[in-house]
K.L.:
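Here it is, the structure in full.
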There are 2 protein chains.
Amino acid sequence: MTEYPDNLDSPVLEPPSSREKILEVAEALFAANGYSGVGMRQIASAVELGKSSLFHHFPSKLDLYGEVLDRVLERLEVALGEDDEVRGRVTERLEHWIESAVATMAEDPPAARLLLRSLVDEEPFPPLELAPAGREALPFERRLDRVINRFRALLEEGISEGVFRTVSIGDAIQTVIGVIVFHFASGDLGETLIGEEIFSGVAVERRRREVSEFIRRGLMA
Amino acid sequence: MTEYPDNLDSPVLEPPSSREKILEVAEALFAANGYSGVGMRQIASAVELGKSSLFHHFPSKLDLYGEVLDRVLERLEVALGEDDEVRGRVTERLEHWIESAVATMAEDPPAARLLLRSLVDEEPFPPLELAPAGREALPFERRLDRVINRFRALLEEGISEGVFRTVSIGDAIQTVIGVIVFHFASGDLGETLIGEEIFSGVAVERRRREVSEFIRRGLMA
DNA sequence: GTCTATACGATGATAGAC
DNA sequence: GTCTATCATCGTATAGAC
């Protein structure tokens, strides 16, 4: 019988490794309760492992959290990066950008909350400016920079072409982040407001339409 | 000599009580680091008091946090309540609503972050639906309900008058919250994006204009 | 009202057996 | 790779002197 190596990137057959299970569970817990609101014991019992086994896979809680954040931003960067291959008018690229961002938040429920935390919390990673002796940027921070700069370039292009209004670019970026990320991070409040589960197919599709129309109207000259 | 009682609500003369100092410091710390990211020792040393003195003013950390949240939402409710006396067309009342909300977030820097946390965190107050044995709504939760319901009524009125588009009301509320609250909660990222201090006079005034125009365009029929 | 002293569970992290 | 045992530290909260 022929032997088939099992490292062929076949996600169907491979059972998830402990490492992946830990990352998944930690993502959900950190999203709900924040960095210091979740203990290593709590994560360990959720993945049905001893607490010490976590420290075998991740040298510290800080490393685990950093990797959870980076995974989320990696998915976002990849999804938005594919859009860069779309070479249409700015309006079409804006549309694709919004679509991909909404889809990414919708596919992984904890993502929006974690993203929001990475932007708002001073803990456990304080803002680079306030950091003692100017620490280097973490992987997830560099990914965020790249994503934002790509969107900024899109806005500048649209404005210089006269397709978009001459909005304050910084404010426009803030607005778009707020509109897309907060919704999927709002959990209970969001469900109460829209009257159904936030991550259901119809709710996500409606959100995409509403956000797209809102931003289009806000930006168009 | 005539005796003047000192409980005349004269904020100029009264030195702030320990209680007020604690609430102010705790507001800033909880905003930056979240509920479980701040310890009572930390708060105590920041107000230059012994740790045990905090428990004299507040029976528990949970009570302190609840009161901090309620104070923030009280300021918001009061500011927006004054708008209800404006009896103009829906467009004018929407304008006043946005203006008041932005002004409230701008006047108290930690406010937006705390508000965001109260909407996103499951800790320390889990969503009412998930709570064991259906706990009663906390003061700050009731205030939030009132504020949102007033805004919902404004939207419904505008739509039924044909002044606003027939947007999804729940999504529109989410959008407005995201646009207004996230900006003032984003701290370091926001400052990098707009290139100056978020809470400076010019930045706040520009934000008000941008948000107002964005929402107006998004809602108008 | 503020303090010192104390209680005791939970925290992140390490050492070493299997 | 997973476990048990252990450590120092920090968490909230209380008791009681002044």
Side-chain angles (χ1 to χ4, degrees), chain A residues 6-7 14-70 114 117 121-126 132 135 138, chain B residues 6-7 14-70 114 117 121-126 132 135 138:
Chain A
D6 55 7
N7 55 352
E14 307 266 2
S17 67
S18 281
R19 199 188 146 80
E20 282 169 300
K21 271 191 275 190
I22 293 170
L23 283 167
E24 237 172 274
V25 166
E27 180 179 328
L29 288 173
F30 282 136
N33 300 325
Y35 177 73
S36 52
V38 180
M40 293 296 264
R41 283 177 166 80
Q42 191 180 345
I43 298 173
S45 88
V47 291
E48 289 172 313
L49 276 181
K51 166 180 48 83
S52 298
S53 301
L54 264 59
F55 287 93
H56 171 78
H57 295 281
F58 304 93
S60 75
K61 184 187 179 185
L62 221 57
D63 285 274
L64 172 56
Y65 188 66
E67 214 158 317
V68 166
L69 287 186
D70 191 46
L114 280 169
R117 289 192 191 283
D121 290 354
E122 288 181 9
E123 180 217 51
F125 306 119
R135 62 162 231 264
L138 295 163
Chain B
D6 55 7
N7 55 353
E14 307 266 2
S17 67
S18 282
R19 198 189 146 81
E20 282 170 300
K21 271 190 276 190
I22 294 170
L23 282 168
E24 239 172 90
V25 167
E27 182 179 327
L29 288 173
F30 283 135
N33 301 325
Y35 176 74
S36 52
V38 181
M40 294 295 263
R41 281 180 169 87
Q42 191 180 347
I43 298 172
S45 87
V47 291
E48 289 172 314
L49 276 182
K51 165 181 49 85
S52 298
S53 301
L54 264 59
F55 288 92
H56 172 78
H57 295 280
F58 304 92
S60 75
K61 184 187 178 184
L62 222 56
D63 285 274
L64 172 57
Y65 188 65
E67 214 159 318
V68 166
L69 286 187
D70 192 47
L114 280 168
R117 290 192 191 283
D121 290 354
E122 288 181 9
E123 180 215 48
F125 305 119
R135 61 162 234 265
L138 294 163

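The chains referred to below are lettered A, B, ... by the order of the sequence lines, with proteins before strands, and numbering in each begins at 1. Side chains are part of it too, since the values below use all heavy atoms of this structure and drop only hydrogens, waters and symmetry mates.
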K.L.:
From the options D/dT12, C/dG12, D/dC3, select the nucleotide whose nearest atom is closest to the side chain of A/Met40.
P.N.:
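Among the listed nucleotides, the one closest to the side chain of A/Met40 is C/dG12.
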K.L.:
Run A/Leu64 and A/Met40 through side chain to side chain contact (heavy atoms under 4.5 Å, CB included) and show every step you take.
P.N.:
CA-CA 10 Å; A/Leu64 172 56; A/Met40 293 296 264; 4.2 Å; yes
K.L.:
Could you state the CG-P distance from A/Leu54 to D/dC3, rounded to the nearest angstrom?
P.N.:
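That distance rounds to 10 Å.
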K.L.:
Think B/Lys61 forms a cation-pi with B/Phe55, using NZ or CZ under 6.0 Å from the six-ring centre and within 45 degrees of its axis?
P.N.:
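Judged by the rule, B/Lys61 and B/Phe55 form no cation-pi pair.
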K.L.:
Mind telling me whether B/Tyr65 and B/Phe30 have parallel, tilted or perpendicular rings, with 30° and 60° as the class edges?
P.N.:
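Correct class here is perpendicular.
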K.L.:
Is there a donor and acceptor pair, one atom on the side chain of B/Ser52 and one on the base of D/dA13, closer than 3.5 Å?
P.N.:
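Donor-acceptor pair under 3.5 Å: no.
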K.L.:
Starting from P on D/dG11, measure out to CG on B/Leu29 and report it in whole angstrom.
P.N.:
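Rounded to whole Å, this separation is 12 Å.
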K.L.:
Choose from C/dT2, C/dA13, D/dT12 the nucleotide whose nearest atom is closest to any side-chain atom of A/Phe55.
P.N.:
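The answer is C/dA13, which lies nearest to the side chain.
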K.L.:
When the nearest nucleotide of DNA chain D is assigned to A/Glu48 and to B/Pro59 on a heavy-atom basis, which residue is associated with the more 5' position?
P.N.:
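It is A/Glu48, whose closest nucleotide lies nearer the 5' terminus.
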K.L.:
From the options D/dA5, D/dA13, C/dC3, select the nucleotide whose nearest atom is closest to the side chain of B/Leu49.
P.N.:
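Closest nucleotide among those given: C/dC3.
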K.L.:
Once you round it to whole Å, what is the distance between P of D/dT2 and CZ of A/Phe58?
P.N.:
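Taking atom P of D/dT2 as the reference, CZ of A/Phe58 is at 11 Å.
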K.L.:
Has A/His56 got a side-chain N or O lying under 4.0 Å from the OP1 or OP2 atom of D/dG1?
P.N.:
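For D/dG1, OP1/OP2 do have a side-chain N/O of A/His56 under 4.0 Å.
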K.L.:
Give B/Val47 one of three labels, base, sugar-phosphate or nothing, depending on what nucleic acid heavy atoms sit under 4.0 Å from its own.
P.N.:
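No contact at all - B/Val47 keeps every heavy atom at 4.0 Å or more from the nucleic acid.
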K.L.:
What nucleotide among D/dT12, C/dG12, C/dT2 has an atom nearest to a side-chain atom of B/Lys61?
P.N.:
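Ranking D/dT12, C/dG12, C/dT2 by closest atom to the B/Lys61 side chain puts D/dT12 first.
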K.L.:
Does a nitrogen or oxygen in the side chain of B/His57 sit under 4.0 Å from OP1 or OP2 of C/dT2?
P.N.:
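Checking C/dT2 against B/His57, a side-chain N or O does come within under 4.0 Å of OP1 or OP2.
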K.L.:
Round to the nearest Å and state the distance from B/Gln42 atom CD to C/dT11 atom P.
P.N.:
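Rounded to whole Å, this separation is 18 Å.
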K.L.:
CG of A/Leu62 versus C1' of C/dT11: gap in Å, rounded?
P.N.:
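A/Leu62 atom CG is separated from C/dT11 atom C1' by 15 Å.
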K.L.:
If every non-hydrogen atom of A/Glu27 is compared with every non-hydrogen atom of A/Val68, which pair is closest and at what distance?
P.N.:
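Scanning both residues completely, I find the closest heavy atoms to be CA-CG1, 3.7 Å.
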K.L.:
Using a heavy-atom cut-off of under 4.0 Å over every strand shown, decide if A/Ser60 touches base, sugar-phosphate, or nothing.
P.N.:
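The residue A/Ser60 makes sugar-phosphate contact but no base contact.
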K.L.:
Between B/Ser18 and C/dG1, is there a contact of a side-chain N or O with OP1 or OP2 at under 4.0 Å?
P.N.:
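It does not, given that no N or O in the side chain of B/Ser18 lies less than 4.0 Å from OP1 or OP2 of C/dG1.
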K.L.:
A/Lys51 has a side chain; which of D/dT2, D/dT6, C/dT6 sits nearest to it?
P.N.:
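So the nucleotide nearest the side chain must be D/dT6.
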K.L.:
Nearest-nucleotide wise, let me know which of B/Gly39 and A/Gly50 is further upstream toward the 5' end of DNA chain D.
P.N.:
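Its nucleotide being nearer the 5' end, the pick is A/Gly50.
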K.L.:
In this structure, how many angstroms lie between the C1' atom of D/dG11 and the OH atom of B/Tyr35, rounded?
P.N.:
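After rounding, the reported distance stands at 10 Å.
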K.L.:
Let's see if you can work this out: which of C/dT11, D/dT2, D/dT6 has an atom nearest to the side-chain heavy atoms of A/Arg41?
P.N.:
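Out of C/dT11, D/dT2, D/dT6, the nucleotide with an atom closest to A/Arg41's side chain is C/dT11.
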K.L.:
Would B/Ile43 and B/Leu29 count as a side chain to side chain contact (heavy atoms under 4.5 Å, CB included) if you check the C-alpha gap in whole Å, the side-chain angles of each, and the deciding distance to 0.1 Å?
P.N.:
CA-CA 8 Å; B/Ile43 298 172; B/Leu29 288 173; 3.9 Å; yes
K.L.:
Distance check needed: C/dG12 P versus A/Ile22 CD1, whole Å only.
P.N.:
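After rounding, the reported distance stands at 14 Å.
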K.L.:
Is a side-chain N or O of B/Arg135 found less than 3.5 angstrom from the main chain of B/Pro126, in a donor-acceptor match?
P.N.:
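Indeed, once roles are kept as given, a pair shorter than 3.5 Å links the two residues.
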K.L.:
How many whole angstroms separate atom CG of B/Leu64 from atom C1' of D/dG11?
P.N.:
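Rounded to whole Å, this separation is 15 Å.
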